[in-house]
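Notes to accompany the following structure.
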Amino acid sequence: MKNALKETILAAAMVDHEKGIFPSSDFCEVVLEEPKADSHGDWSTNMAMQMAKAQRMSPRKIAETLIGHLDDKKGIIDRTEIAGPGFINFFIRPSAWYPVLAAIHEQDDQYGRCDLGKGTRIQIEFVSSNPTGPLHVGHGRGGAVGDSTANILSFCGFDVQKEYYINDSGRQIQTLGMSVYLRGKELLGETVAFPDTCYQGDYIRDLAGELLEREGRELFEKSEAEAIMPCARYAAQKITEGMRADLVDFGVTFDQWFSEQSLYDSGRVAGDIRDFKEKGLIYEKDGALWFKTSDYGDEKDRVVVRQNGQTTYFASDITYHKEKFERGFQKVIDVWGADHHGYIPRMKAAVEASGYDRDQFDVLLVQLVNLLRAGQPVAMSTRAGEFVTLADVVKEVGRDAARFIFLTRHYESSLDFDLELAKQKTNDNPVYYVQYVHARISSIHRKSESDRLDVSGFAPSDLSALETPEDIALIKALARYPETVGTAGALMEPHRITYYLMTLAAAFHTYYNRHRVLSEDDLKLTRARLYLIAAVQKVIRNGLALLGVSAPDAM
RNA sequence: GCGCCCGUAGCUCAGCUGGAUAGAGUGCCGGACUACGAAUCCGUAGGUCGCAGGUUCGAAUCCUGCCGGGCGCGCCA
């Protein structure tokens with residue numbers, strides 16, 4: 001409908017130009033927007049003001065001329081008006097909205113899909129927590145944002161791959177192995193000093209116990225040098241499995257789990273370092289190897305191989321991101337915690353130095369989560385091993401509430417997550433507000449069946465009974481969905497879907513309280529309204545699916 | 001000191017690729033269930049969009065400077 005209106009306006013402008021009324025053929029793009037106030041119509045354009053300069057005419061004069069030559073072939077315009085400095089406002093005939101409902105029913109779970117991405121291969125990497133401890137709420141937010149963004153991008157015509165990068169190499173893994181090894185010794189009855197630098201959580205002791213049962217006491221009687229890596233590998237693998245299970249419970253799955261260690265095992269990291277050395281992008285200074293990231297906008301060069309010969313995290317990251325592009329992704333997205341923001345310039349530099357456009361790589365920086373309980377901060381100390389894990393949160397408040405709340409804020413804003421609030425089944429907790437719409441509509445459909453209202457096989461050709469302002473307002477809300485999805489995809493902002501759903505839910509609840517759907521003495525109206533609310537239900541379900549939240553038939 | 005994010009109603013936040021009278025929830029106050037689920041709805045009240053300049057026909061939105069809060073600035077990850 002919007003496009004039809006655009007074409008009509010553009011055609012009018014062409015006619016005016018051909019007649020010589022508009023001297024310039026420079027028509028700016030026709031931009032239609034929805035005015036905030038209903039009194040300004042259904043659609044509004046500012047093009048008369050935009051064109052004023054090129055046409056050397058006053059905006060209002062241009063507007064008048066344009067309106068005079070509108071040829072509304074489809075008969076969708078009820079009336080037009082010129083307002084303010086030169087806005088043209090269009091009022092749409094109520095019945096012109098009806099085709100939206102047919103489109104929803106025809107396209108069903110595909111309603112709202114677009115081809116923004118045109119098949120672009122895009123990879124989104126998220127969570128990627130180190131396998132040294134359980135996932136916490138911050139990872140939950142990253143998981144919700146990453147997974148939902150992937151859903152939305154896919155719905156917008158991108159070819160999306162979701163990936164988890166396992167940091168199963170480097171010093172932290174050594175530390176993990178050491179932690180397990182020492183706890184194992186304790187289990188054997190030895191008295192050992194357990195350093196602060198080791199991981200303190202109880203899960204380490206559990207892992208040591210499992211390993212002891214599996215491998216016997218010999219492992220822990222070996223020397224540190226011999227025992228650490230077996231301990232580390234076992235622990236990292238078990239922890240990774242646990243994280244995968246927690247993420248599944250949270251509704252987050254990945255297409256691929258990519259091991260950092262595999263980049264070393266295949267010799268790719270060493271190979272890349274050699275290649276960059278030959279190109280002069282890696283040089284030696286103070287006994288270490290440095291990458292010339294400052295040539296690509298970073299504030300200084302960065303170490304890739306330390307004086308002691310060990311590679312840094314950055315070294316494998318260079319190879320990893322290069323490898324991503326070599327796999328054929330045209331666009332690579334990383335979802336990081338905001339505390340890593342200082343890492344972006346060097347990563348962009350590495351991508352550019354690898355021969356790719358720095359804009360092909362983007363980072364979604366997700367701000368931190370403040371965990372609260374009834375307004376009071378929950379102490380989060382990783383070192384002391386005291387933290388509320390993602391699994392705890394999902395268990396306590398449920399997957400749907402957790403995911404929805406994580407997506408009620410722009411990811412660039414910090415988020416207060418209140419465990420008590422998240423459990424409440426009130427309006428404080430908007431997930432139920434939205435899900436309630438779905439359940440209510442299911443309930444109405446059940447009722448229509450039990451009342452044996454003769455509306456079977458409804459696909460009414462006559463929707464003229466949908467005539468109240470609330471009927472039309474609801475259809476208009478449904479009509480906004482595709483554009484909302486498109487914006488959410490283009491900007492990678494899943495919270496736009498969340499807000500859309502809350503607005504749609506509000507429109508439905510208002511409608512519900514004001515009008516009856518089922519009335520035995522007016523089957524034409526009943527049929528039309530059942531058709532309408534079924535469309536609402538489909539859009540609610542589609543939107544919730546993009547967020548990874550269920551749409552229950554009863555609550 | 002430098003960099004990134006944030007600053008909008010008492011509180012929590014949308015709106016930010018410039019549009020008309022700045023929105024929602026919550027909280028306060030007052031209303032609506034003998035018909036489809038009251039986990040709902042309706043109404044009243046509540047604002048120097050941090051401050052000051054600039055660009056523009058038009059700025060919460062863009063630019064500059066300041067103020068306040070958070071997070072970073074390692075041959076850690």
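Letters go in sequence order (proteins before strands), and every chain restarts at 1. Quick note: numbers below take in every heavy atom, side chains included, and nothing from hydrogens, waters or symmetry partners.
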Legend entry - Under-4.0 Å side-chain N/O to phosphate OP1/OP2 contact, A/R409 with B/C6: no
Inset, instruction - Establish, with yes or no, whether the OP1 or OP2 oxygen of B/C16 is under 4.0 angstrom from a side-chain nitrogen or oxygen of A/R496. - result: yes
Inset, instruction - Would you mind telling me which of B/U12, B/A14, B/C36 lies closest to the side-chain atoms of A/Y499? - result: B/A14
Inset, instruction - Ignoring hydrogens and angles, answer whether the base of B/G72 and the side-chain atoms of A/D339 contain a donor-acceptor pair closer than 3.5 Å. - result: no
Inset, instruction - Tell me which nucleotide among B/C5, B/C36, B/U40 gets nearest to the side chain of A/Y433. - result: B/U40
Inset, instruction - Give a yes/no answer on whether the side chain of A/Y436 brings an N or O atom under 4.0 Å of OP1 or OP2 in B/A39. - result: yes
Inset, instruction - Mark yes or no: A/R440 above the aromatic ring of A/Y512, with NZ or CZ under 6.0 Å from the six-membered ring centre and no more than 45 degrees from the axis. - result: yes
Legend entry - Length of the CG-P vector between A/L407 and B/U12, whole Å: 21 Å
Inset, instruction - Rounded to the nearest angstrom, tell me the gap between atom CG in A/L176 and atom P in B/C76. - result: 19 Å
Legend entry - Per A/E412 side chain, nearest of listed nucleotides B/A77, B/A39, B/C5: B/C5
Legend entry - Options B/G3, B/C75, B/C36, nucleotide nearest the side-chain atoms of A/H341: B/G3
Legend entry - Under 4.0 angstrom between A/K36 side-chain N/O and B/A20 OP1 or OP2: yes
Inset, instruction - Could you summarise the pairing of RNA chain B as dot-bracket text, marking Watson-Crick and G-U pairs under 3.5 Å with ( ) or [ ] inside the strand and | across strands? - result: (((((((..((((.....[...))))..((((.......))))......(((((..]....))))))))))))....
Inset, instruction - Answer yes or no on whether A/R79 is positioned over the face of A/F91, meaning its NZ or CZ is under 6.0 Å from the six-membered ring centre and within 45° of the axis. - result: yes
Legend entry - OP1 or OP2 of B/A14 under 4.0 Å from side-chain N/O of A/T498: no
Legend entry - Nearest listed nucleotide, side chain of A/K447, among B/C36, B/G19, B/G37: B/C36
Inset, instruction - Using a 4.0 Å heavy-atom cut-off across all strands, classify A/N89 as base, sugar-phosphate, or nothing. - result: base
Legend entry - Closest to side chain of A/D286, choosing from B/A38, B/A20, B/C75: B/C75
Legend entry - Backbone N/O of A/T408 and side chain of A/Y499: donor-acceptor pair under 3.5 Å: yes
Inset, instruction - Return yes if the base of B/A24 and the side-chain atoms of A/T503 contain a donor-acceptor N/O pair under 3.5 Å, otherwise no. - result: no
Inset, instruction - Return the nearest nucleotide to the side chain of A/M49; candidates are B/G37, B/G19, B/C4. - result: B/G19
Inset, instruction - Determine the Euclidean distance between corresponding C1' atoms of B/G46 and B/U12; express it in Å to zero decimal places. - result: 16 Å
Legend entry - A/R306 side chain near B/A77 phosphate (N/O to OP1/OP2, under 4.0 Å): yes
Legend entry - Lys/Arg-Asp/Glu bridge criterion (N-O < 4.0 Å) met for A/K277, A/E284: no
Inset, instruction - May I ask you to say what A/A288 touches in the nucleic acid, namely base, sugar-phosphate or nothing, with a heavy-atom cut-off under 4.0 Å? - result: base
Inset, instruction - Flag the pair A/E125 and A/K324 as a salt bridge only when some basic side-chain nitrogen lies within less than 4.0 angstrom of an acidic carboxylate oxygen. - result: yes
Legend entry - Options B/C42, B/G37, B/C73, nucleotide nearest the side-chain atoms of A/R446: B/G37
Inset, instruction - Please tell me which of the listed nucleotides, B/C36, B/C13, B/A77, lies nearest to the side chain of A/I444? - result: B/C36
Legend entry - Within 6.0 angstrom of A/K6 NZ, more than 12 heavy atoms from elsewhere: yes
Inset, instruction - Determine the interplanar angle of the A/Y165 and A/Y320 rings, folded into 0 to 90°, and report it as parallel if under 30°, tilted if 30 to 60°, perpendicular if over 60°. - result: parallel
Legend entry - Close side-chain approach of A/H495 to A/L407, heavy-atom, < 4.5 Å: no
Inset, instruction - State whether A/Y343 places a side-chain N or O below 4.0 Å from either non-bridging phosphate oxygen (OP1 or OP2) of B/C73. - result: no
Inset, instruction - Under 4.0 Å between any heavy atoms, over every strand shown, what does A/S443 touch: base, sugar-phosphate, or nothing? Just pick one. - result: base
Legend entry - Side-chain N,O (A/R529) to OP1/OP2 (B/C36) below 4.0 Å: no
Legend entry - B/U56 to B/U61 separation - C1' atoms, rounded to the nearest Å: 13 Å
Legend entry - Aromatic-base stack, A/H340 on B/G72, cutoff 5.5 Å, angle under 30: no
Legend entry - Nucleotide B/G72, atom C1' - distance to NZ of A/K300 in whole Å: 12 Å
Legend entry - Listed nucleotide nearest any side-chain atom of A/S39, set B/U21, B/G70, B/C41: B/U21
Inset, instruction - Look at the aromatic rings of A/F314 and A/Y343 and report parallel, tilted or perpendicular, splitting at 30° and 60°. - result: perpendicular
Inset, instruction - Pick base, sugar-phosphate or nothing for A/H515, based on heavy-atom distances below 4.0 Å to the nucleic acid. - result: base
Inset, instruction - Flag the pair A/R373 and A/D418 as a salt bridge only when some basic side-chain nitrogen lies within less than 4.0 angstrom of an acidic carboxylate oxygen. - result: no
Legend entry - Below 4.0 Å: OP1/OP2 of B/U40 and any side-chain N or O of A/T510: no
